[in-house]
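The structure appears right after this line, and notes come after that.
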Protein chains: 2
Amino acid sequence: METGDEPPARGLRARVRAEMVDEIKAVARRHLAAEGANLSLRAVARDLGMVSSAVYRYFPSRDALLTVLIVEAYDALGEATERAEAAVARRDLRGRWIASCHAVRDWALAHPAEYALIFGSPVPGYAAPPDTVGPASRTPAVLAVILRDAVAAGVVSPNRNERLPRALRADLKRLLADPRFAGIPEPVLARAMTGWIHLFGLVSFELFGRFNDMITDTGQFFDYQVRAMGTQIGL
Amino acid sequence: METGDEPPARGLRARVRAEMVDEIKAVARRHLAAEGANLSLRAVARDLGMVSSAVYRYFPSRDALLTVLIVEAYDALGEATERAEAAVARRDLRGRWIASCHAVRDWALAHPAEYALIFGSPVPGYAAPPDTVGPASRTPAVLAVILRDAVAAGVVSPNRNERLPRALRADLKRLLADPRFAGIPEPVLARAMTGWIHLFGLVSFELFGRFNDMITDTGQFFDYQVRAMGTQIGL
DNA sequence: TCTACATCGAGAGCACTGCTCTTGACAGAG
DNA sequence: CTCTGTCAAGAGCAGTGCTCTCGATGTAGA
């Protein structure tokens, strides 16, 4: 029933179970990379030398397995972005922005199937479980924190003629209740959202082949776009 | 083998065949809207009161059916955008931009499954056939032509300090070989591409539920974003 | 008009899928 | 040393894409 929580494993049995869960996830990830979202539980079981029904001891359904992979993909992307951003000097705000964006792209290129699983079209029946929203917000949080620091450093400030729709202001105010984002003026958070949307639009377009036969050096193009976005945001 | 070309249909048989093809596509579109990309040929056949193997007289495979739906979706989106843009006074360049963007969003909201089929994650095995690239370029072409007219009207002009990477300049130059885009300076076309990426990033985020529990009035937000993009581009 | 051909729908069948249920083997706890 | 819970295996169900064969029927040429 469970899908591999149970911090350290109480006994021997629990440990071999946790190992089995890890193995299933690893093989499933491999299959995902090879054949995309139409993941076959039976094929995964076959690769593990067991019969399909045995997998159901560890995951109640195929969707449950996919959900776990989705959560872990969000976390992996978030962690990769956080690490890359943390490696840049705190005062180099533009550098932190650029490094974060590149980290997202690099992770996506390294794990295209998992990226597609997350940012591709959602399966119609599939409803994102609430455990995904936390990990999913890690990456945009990195971007917002950069702008928080930029505001605190006096590098970025809201523009006088930067007007926001009423409903958007209310939404932004709600987001700003998060203590991590304290001090960000609403117009600046709006810019962060714009950057966030643009960034993932860019990565998705590249990964989903929209630049094929159009842009030769996609890495250079990405860098150009990301720098322009940084300038536009005020970094 | 064929998928419904043959201009007017030579005899009675050819005509009922064309009607059958249309019916299959219509039912398939309905199923797509109801259950997403995992379209079942057998279910479509069942809805049509015939057996699955009969469908193969009209489409050689499920992928072929999907490809036709993809091409037609590209065309429908392109046409919707073209019509909306054409309805705006030629000299109202900013209005043309805004109308085009809204047309894209409106079409996507009206046909979410078809939008996901086009702009969602591509099926790994599936290779986009060359017949899709033409229809796929209709929408971005609308945006580029707006900027062409804006340049011709003197409203938009390249900025002195707008520098582009070398490889990107070569790519843009190749795109500018299209006579429709004659006269657009490379930096301005780069801005159009930025707008194009941002626009579809925005629509995809909304459609794929990324704004859930975050932005309440997505229509207002979209309008705000699109206007800001227009300003950023110079319209 | 009659015949030969091409096209079509139906049905059976293959290999595959997710998932359920039952059975028998085994390990850990009392 | 039982007894209980966990596990892998197998059979089975309903569904899938796709192929092949077989009659029925419309179409075109003689």
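Convention: sequence-line order gives letters A, B, ...; per-chain numbering from 1. Worth knowing before you read on, the calculation uses all heavy atoms, side chains too, and leaves out hydrogens, waters and symmetry mates.
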Whole-Å distance separating the CG atom of B/Asp63 from the P atom of D/dG17: 11 Å
Between atom CZ in B/Arg57 and atom C1' in D/dC18, what is the gap in whole Å? 13 Å
When the distance from CZ of A/Arg42 to C1' of D/dA14 is rounded to whole Å, what number comes out? 12 Å
Pick base, sugar-phosphate or nothing for A/Ser61, based on heavy-atom distances below 4.0 Å to the nucleic acid. sugar-phosphate
Do B/Ser121 and A/Tyr115 have side-chain N/O donor and acceptor atoms under 3.5 Å apart? no
For residues A/Phe119 and B/Phe208, establish whether the separation of their ring centroids is below 6.0 Å. no
When A/Arg46 and A/Ser53 are each assigned the nearest nucleotide of DNA chain C, the 5'-most assignment goes to A/Arg46
Quick test of your reading of the model: are A/Arg210 and A/Glu206 salt-bridged, counting only N-O distances below 4.0 Å? no
What do the steps show when you test B/Tyr74 against B/Ser137 for side chain to side chain donor-acceptor pair (under 3.5 Å), and what is the final call? CA-CA 8 Å; B/Tyr74 272 128; B/Ser137 67; over 6 Å; no
Quick check for you: name the first and last nucleotides of DNA chain C, 5' to 3', having an atom under 4.0 Å from a heavy atom of chain B. C/dT7 to C/dG13
Report the end-to-end axis angle of the helix from C/dT1-D/dA30 to C/dG30-D/dC1; each axis comes from five terminal pairs, and the value is rounded to 10°. 0°
Per atom distances to the A/Arg17 side chain, the nearest of D/dG12, D/dT16, D/dC7 is D/dC7
Separation of B/His31 atom NE2 from D/dG15 atom P, in whole Å? 13 Å
Interatomic distance where CE belongs to A/Met20 and C1' belongs to D/dA9 [whole Å]: 13 Å
Atom of B/Thr139, atom of B/Gly78 and distance for their closest heavy-atom approach: OG1-CA, 3.6 Å
Tell me: CD1 of A/Ile24 to P of D/dC7, nearest whole Å? 11 Å
Looking at the rings of B/Phe211 and B/Phe221, which for Trp means the six-membered one, are their centres under 6.0 Å apart? yes
Take A/Phe59 and A/Val44 through the test side chain to side chain contact (heavy atoms under 4.5 Å, CB included) and record every step on the way to the result. CA-CA 12 Å; A/Phe59 294 93; A/Val44 169; over 6 Å; no
Under 4.0 Å between any heavy atoms, over every strand shown, what does A/Leu65 touch: base, sugar-phosphate, or nothing? Just pick one. nothing
In whole angstroms, how far is the P atom of D/dG15 from the CD atom of B/Glu35? 12 Å
How would you label the contact of B/Leu48 with the nucleic acid (heavy atoms, under 4.0 Å): base, sugar-phosphate, or nothing? nothing
Tell me which of B/Leu41 and A/Val51 sits closer to the 5' end of DNA chain D, going by the nucleotide each one is nearest to. A/Val51
State, to 0.1 Å, how close A/Thr194 and B/His198 come at their nearest heavy-atom pair, and which atoms those are. CG2-CE1, 3.2 Å
Dump the intermediate steps for side chain to side chain contact (heavy atoms under 4.5 Å, CB included) on A/Met193 and B/Met214, then the final yes or no. CA-CA 11 Å; A/Met193 282 194 53; B/Met214 188 174 184; 4.2 Å; yes
Between D/dT19 (C1') and B/Phe59 (CZ): distance, integer Å: 19 Å
